[in-house]
> 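I'd like to ask some things about the structure below.
Heavy-atom basis, side chains included; hydrogens, waters and symmetry copies ignored. In what follows, chains are A, B, ... by sequence order, proteins preceding strands, each numbered from 1.
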2 protein chains.
Amino acid sequence: MDTTPRLREQACFALYTASRAVIGLYRPMLDRLGLTYPQFLVLMALWETDGLTVTALGDALQLDSGTVSPLLKRLEAAGFVERRRESGDERRVTVHLTEAGAALESRGCEITRVVGGAAGMSPEELTALRDRLNAFTESVRSTRAAE
Amino acid sequence: MDTTPRLREQACFALYTASRAVIGLYRPMLDRLGLTYPQFLVLMALWETDGLTVTALGDALQLDSGTVSPLLKRLEAAGFVERRRESGDERRVTVHLTEAGAALESRGCEITRVVGGAAGMSPEELTALRDRLNAFTESVRSTRAAE
DNA sequence: CGCGATTAAGTTGTGCACAACTTAATTGTG
DNA sequence: CACAATTAAGTTGTGCACAACTTAATCGCG
């Protein structure tokens, strides 16, 4: 009996591949805005709530400070965000959209619409897939925490 | 009317997060074998079919030579695989498991079982999710190719 | 056969991810 | 109040991903 799991049969591999495929679809469109996908996620978070701290951004994106800090440094160098040391608590840094960063919102929304259309499924199916994935992530995270 | 897509509502973001979460679950287990997740995928492909060329491995993992070549260099340095320049076509390099690489198979299979169990869903649901993700990837890829 | 086009693998450069660590500010407890 | 513990952000080092490129071998067409 063959117990070796085949690559193509693995849900984890399908996940890894799907994630890279969709980011690859975003890439040429985001290139025109001068953004990478993680940078785009930062802007999405700020379009929703401007002035988040570095930690709050990390929570929203599920990324630690070692990833977020250099990401913000590049976004600031590109002129899309601005970092401000908080006066109340000098440890905290809040991140704010610049004019240029705020101005990308409508083009950014258009890109998410185009990508959604490329999924090859209805909005309802896409929502169901998203919920399934979020439940999966939650289960995996609780297992990690319980180790 | 608010048309800005929220981060948590995006299927693409759920995908990106789920992929990183599950790789994070693999990490401590693969660490004990001295492997990263992409390195583990290479071994899975070779456990199924030993002696693949670099290009065939790239096709199996959906990665280009710029990613696979250094990956194989590290796997070879770790003593899990061996590269052989083909005598028939000197451009081609085939990748073969060493004793040590082949010996990891049973422990590797056990890890995939443990991770599968952490998904928080039945094997049938996991299979359905996998198929959904593969259909998604296929649709996204065909859109990319058609641009 | 000759030679331009193609193919295989590898290299270079940029930007994530993440573990481990550092620095500096703040908090809580005696 | 003192000061150890905690917290916030950033740094360092490793290993992907991927675009763009290089090198070398093979192919195919005239």
> Between side-chain atoms of residues 116-129 of chain A and protein atoms elsewhere (two or more places apart, or another chain), which donor-acceptor pairs fall under 3.5 Å?
| from | atom 1 | to | atom 2 | distance (Å) |
| --- | --- | --- | --- | --- |
| A/S122 | OG | A/E124 | OE1 | 3.4 |
| A/S122 | OG | A/E125 | N | 3.1 |
| A/S122 | OG | A/E125 | OE1 | 3.3 |
| A/E125 | OE1 | A/S122 | N | 2.9 |
| A/E125 | OE2 | B/R132 | NH2 | 2.9 |
| A/T127 | OG1 | A/P123 | O | 2.9 |

> Let me spell it out: for each of A/R85 and B/R91, pick the nucleotide of DNA chain D with the closest heavy atom. Which residue's pick is nearer the 5' end?
A/R85
> Would you call A/E110 and A/R113 a salt bridge, taking side-chain N to carboxylate O under 4.0 Å as the test?
yes
> Pull out every residue in residues 50-60 of chain A that has a heavy atom closer than 4.0 Å to any atom of DNA chain D, ordered by number, or say none.
A/T53, A/V54, A/T55
> Please find the earliest and latest nucleotides of DNA chain D, in the 5' to 3' direction, that have an atom within less than 4.0 Å of any heavy atom of chain B.
D/dG15 to D/dT26
> Measure from the side-chain N and O atoms of B/E48 to the backbone N and O of B/A45, and report whether any donor-acceptor pair falls under 3.5 Å.
no
> Please list residues of residues 64-71 of chain A whose heavy atoms come under 4.0 Å from any atom in DNA chain D, ordered by number; otherwise none.
A/S65, A/G66, A/S69
> For the side chain of A/R83 and the backbone of A/V93, is there at least one donor-acceptor N/O pair under 3.5 Å apart?
no
> Less than 3.5 Å apart, which donor and acceptor atoms pair up between the side chains of residues 10-34 of chain B and the rest of the protein, not counting sequence neighbours?
| from | atom 1 | to | atom 2 | distance (Å) |
| --- | --- | --- | --- | --- |
| B/T17 | OG1 | B/F13 | O | 3.0 |
| B/R20 | NH1 | A/Q62 | O | 2.9 |
| B/R20 | NH2 | A/L61 | O | 3.0 |

> Show the atom names and distances, to 0.1 Å, of all donor-acceptor pairs under 3.5 Å that link a side chain in residues 49-57 of chain A to residues at least two apart or in another chain.
| from | atom 1 | to | atom 2 | distance (Å) |
| --- | --- | --- | --- | --- |
| A/D50 | OD1 | A/L97 | N | 2.9 |
| A/T53 | OG1 | A/A56 | N | 3.1 |

> Hey, which sits more toward the 5' end of DNA chain C by its nearest nucleotide, A/I23 or A/D89?
A/I23
> Yes or no on side chain to side chain contact (heavy atoms under 4.5 Å, CB included) for A/V114 and B/T143, after CA distance, side-chain angles and deciding distance?
CA-CA 10 Å; A/V114 171; B/T143 303; over 6 Å; no
> Decide yes or no on side chain to side chain contact (heavy atoms under 4.5 Å, CB included) for A/T137 and A/R141, but give the supporting numbers first.
CA-CA 6 Å; A/T137 301; A/R141 269 195 217 298; 3.6 Å; yes
> B/D89 and side chain to side chain donor-acceptor pair (under 3.5 Å): which partner among B/R92, B/R91, B/R85?
B/R91
> Once you apply a heavy-atom cut-off of 4.0 Å, does B/L63 come out as touching a base, just sugar-phosphate, or nothing?
sugar-phosphate
> Side chains of A/T98 and A/E82: is there a donor and an acceptor less than 3.5 Å apart?
no
